[in-house]
Amino acid sequence: MKITFLGTAAATSYPLMFCRCEICEKARKTGGRDFRKRSSLLINQNLLIDLGPDIMSASFMLGISIANVRYCLQTHPHSDHFDASHFGTRTPEYAVENIPTLDLYASTATLNKMSEMLRGDGCANDLMDPKEQERLKLNVHPIKALQSFKAGEYQISAFSTNHDKSVESLLYSITEDDFTVFYGTDTDIIPEETWQGFHDKKRKFDIVILDHTYGPKIDGAGHLNANQFAEHIQRMRDENLLGKSGRVFATHISHEGNPVHSDLVKYAKKHGYDVAYDGLVI
Ligand SMILES: [Zn+2]
Ligand SMILES: [Zn+2]
Ligand SMILES: [Zn+2]
C-alpha cells in the first residue's frame with residue numbers, strides 16, 4: 001500500500017492566512033514542510049479520503065492525477081474536507097470527458113449536507129437521486145458507523161466519532177492485502193463504541209493517522225490536542241491495536257500550540273509518534 005499525504009493542516013491551513021502569531025511568522029520563513037494544505041489522503045492511486053479544497057494544488061505539486069481516483073471515502077462535509085464547487089466540475093456543464101465512475105462512501109447525513117452545498121453552488125440537487133448520480137458519474141453508498149464493506153481491492157470499516165454528530169462524521173480503517181491503515185481525523189476523544197468496534201473487527205493497525213489539531217496546552221472542542229493524541233496511541237498500544245512495527249502519524253495540524261515542523265518532530269519523537277507533512281509518502 002502506498003499512502004500519500006495530500007494535505008496535513010486543519011481548516012486554518014498552516015500558517016493561517018492572516019495570522020501573525022510567532023508560529024505562523026516562523027512557518028512563513030522556513031516554508032517547505034511548514035506549508036500545510038488542508039487535510040486529505042491518497043491510497044495508492046485510486047482511493048481518496050476527502051474531496052478537500054486543496055487536492056488539486058497538491059496533485060499539481062506531487063505530479064499525481066486525481067482522474068485516477070475510483071473510490072472516495074468522505075469523513076464529513078466540513079468545508080476543509082469537501083469543496084462543492086470543485087466537485088461540481090464533474091457535471092457535463094463543464095465539458096468533462098470520458099470520466100470514470102466514482103464510488104463515493106459517506107454517512108447519510110454527510111451526503112445530505114454535501115447535496116445542500118452542491119445546491120448552493122448550483123452544481124447538483126441531490127446526491128441520493130439516481131438521475132443526479134448518473135449525471136455526476138457517481139455510485140453513492142450511504143454507510144453507517146461500524147459498517148464494513150469492500151471497495152475494489154480494499155476492505156474498509158467505518159467508525160463513529162463525536163467530531164460533528166449532526167453530519168455523522170466517520171473515521172475509516174482501510175485494509176489491502178494484510179496491511180491496515182486507520183485514518184482518524186477529524187475526531188474528539190474516540191468514543192467507546194469505536195474502541196469496541198476495533199476489537200470486534202479484530203483490527204491491528206500498521207499505520208495510524210490521527211487528529212493532532214492542537215498543541216499540548218490548548219483545549220479545543222471537536223478535536224484532539226497533543227496530550228490527548230499521546231493518550232490515544234498509548235491506549236492503542238496497551239490494547240494491542242497497533243502492530244509490532246506499527247507507526248503513528250499526526251495530521252490535521254493547526255498553528256494553535258503546534259510549533260513548526262522541525263520542533264514538532266522533536267516533541268513527537270519523545271512521545272513515540274511521527275508527524276506527517278504534505279507530500280509524505282509511506
Ligand atoms: Zn477538518
Ligand atoms: Zn498563527
Ligand atoms: Zn471537521
Side-chain angles (χ1 to χ4, degrees), residues 1-9 33 35-77 80-91 94-106 110 114 127 133 136-141 143 148-158 170-185 203 205-210 243 246-252 274-282:
M1 184 188 284
K2 181 180 177 184
I3 298 167
T4 306
F5 288 86
L6 301 181
T8 56
R33 292 177 186 179
F35 287 164
R36 297 180 185 276
K37 295 182 286 304
R38 288 162 288 186
S39 292
S40 177
L41 191 84
L42 185 68
I43 294 186
N44 299 324
Q45 291 205 15
N46 60 358
L47 190 152
L48 177 71
I49 308 184
D50 286 341
L51 292 150
D54 292 330
I55 57 173
M56 285 310 292
S57 311
S59 82
F60 302 150
M61 294 171 84
L62 301 171
I64 291 166
S65 170
I66 299 295
N68 292 325
V69 170
R70 296 290 181 278
Y71 314 103
C72 177
L73 308 176
Q74 194 65 35
T75 57
H76 65 308
D80 57 321
H81 297 259
F82 178 62
D83 184 332
S85 65
H86 221 154
F87 188 60
T89 59
R90 287 181 69 84
T91 54
Y94 286 89
V96 60
E97 283 187 29
N98 194 21
I99 63 168
T101 300
L102 180 72
D103 283 274
L104 173 64
Y105 301 83
T110 285
M114 287 165 77
L127 286 174
Q133 291 177 18
L136 285 154
K137 288 276 188 298
L138 288 178
N139 289 325
V140 175
H141 307 271
I143 46 166
S148 293
F149 55 95
K150 222 170 137 45
E153 58 269 49
Y154 308 103
Q155 188 60 48
I156 299 163
S157 295
L170 293 172
L171 312 174
Y172 294 99
S173 81
I174 301 109
T175 304
E176 184 194 28
D177 300 326
D178 286 330
F179 195 88
T180 300
V181 57
F182 174 65
Y183 192 68
T185 198
R203 279 307 111 96
F205 303 123
D206 298 288
I207 301 279
V208 168
I209 301 162
L210 199 58
R247 295 179 71 188
V248 179
F249 291 87
T251 194
H252 204 272
D274 291 299
V275 182
Y277 53 87
D278 291 17
L280 170 64
V281 176
I282 306 163

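Values below: every heavy atom of this structure, side chains too, minus hydrogens, waters and symmetry copies. Quick caveat: nothing in here was measured; it's all calculated off a predicted structure.
Gln74 places a side-chain N or O within donor-acceptor distance of the main-chain N or O of Leu51, the cut-off being under 3.5 Å. Side-chain N or O atoms of Ser65 include one that pairs as donor or acceptor with a backbone N or O of Ala67 at under 3.5 Å. Ser40 places a side-chain N or O within donor-acceptor distance of the main-chain N or O of Asp50, the cut-off being under 3.5 Å.
Taking both residues in full, the closest heavy atoms of Val69 and Leu48 are given as CG1-CB, 3.7 Å, listed atom of the first, atom of the second, then distance. Closest approach of Ala151 and Ile156 over heavy atoms only: CB-CD1, 3.7 Å. For Arg36 against Tyr277, the heavy-atom pair with the smallest separation is NH1-CA, 3.7 Å. Nearest heavy-atom pair across Leu127 and Gln133 is O-NE2, 2.8 Å. Closest heavy-atom contact between Thr185 and Leu171: N-CD2, 3.8 Å. Nearest heavy atom pair, residue His86 against residue Thr89, reads O-OG1, 2.6 Å.
Taken to the nearest 0.5 Å, the CZ atom of Phe249 stands 4.5 Å off from the CG atom of Asp274. Note that OG1 of Thr175 is 12.5 Å distant from CD of Glu153, once rounded to the nearest 0.5 Å. Leu41 contributes atom CG, which lies 4.5 Å from atom CD1 of Ile209 (distance to the nearest 0.5 angstrom). Distance check: Asn139 CG to Tyr71 OH gives 10.0 Å after rounding to the nearest 0.5 Å. Atom OG1 of Thr101 and atom CG of Leu138 lie 8.0 Å apart (nearest 0.5 Å). Of the inter-residue distances, the one linking Ile64 atom CD1 with Ile66 atom CD1 reads 6.5 Å to the nearest 0.5 angstrom.
By the neighbour-count criterion of 12 heavy atoms within 6.0 Å, atom CE of Met56 is densely surrounded, having more than that number from other residues, nucleotides or ligands. Heavy atoms from other residues, nucleotides or ligands lying under 6.0 Å from NZ of Lys2 number 12 at most.
Side-chain atoms of Asn44 and Glu176 include a donor-acceptor pair closer than 3.5 Å. One side chain, Asn46 or Tyr154, offers a donor N or O that lies under 3.5 Å from an acceptor on the other. Thr180 and Arg203 are not linked by any side-chain donor-acceptor pair at a separation below 3.5 angstrom, with hydrogens and angles left out of the test. Inspection of the Asp83 and Ser85 side chains reveals an N or O donor paired with an N or O acceptor under 3.5 Å.
Put simply, the side chain of Met114 reaches to within 4.5 Å of the side chain of Leu104, judged on heavy atoms. Taking the side chain as every heavy atom from C-beta outward, Ile174 and Gln155 never approach each other to under 4.5 Å.
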Steps toward side-chain contact (heavy atoms from CB on, under 4.5 Å) verdict (Phe182, Leu210):
CA-CA 8 Å; Phe182 174 65; Leu210 199 58; 4.2 Å; yes

Step-by-step side-chain contact (heavy atoms from CB on, under 4.5 Å) determination, Arg90 to Leu102
CA-CA 10 Å; Arg90 287 181 69 84; Leu102 180 72; 3.5 Å; yes

CA sep, side-chain torsions, deciding dist, call: Thr75, Ile49, side-chain contact (heavy atoms from CB on, under 4.5 Å):
CA-CA 7 Å; Thr75 57; Ile49 308 184; 3.9 Å; yes

Under the side-chain contact (heavy atoms from CB on, under 4.5 Å) criterion, do Ile207 and Ile3 qualify, and how do the steps go?
CA-CA 10 Å; Ile207 301 279; Ile3 298 167; 4.2 Å; yes

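Between Lys37 and the choices Asp278, Asp80, Asp54, Thr8, the side-chain hydrogen bond (donor to acceptor under 3.5 Å, both in side chains) rule is met once, by Asp278.
A ring-centre distance under 6.0 Å is found for Phe87 and Phe82. Outside the 6.0 Å centre-distance limit, the rings of Tyr172 and Tyr183 are not counted as a close aromatic pair. Ring-centre distance between Phe149 and Tyr105: below the 6.0 Å cut-off.
Partners of Arg70 under the side chain to side chain donor-acceptor pair (under 3.5 Å) rule, at least two apart in sequence or in another chain, do not exist in this structure.
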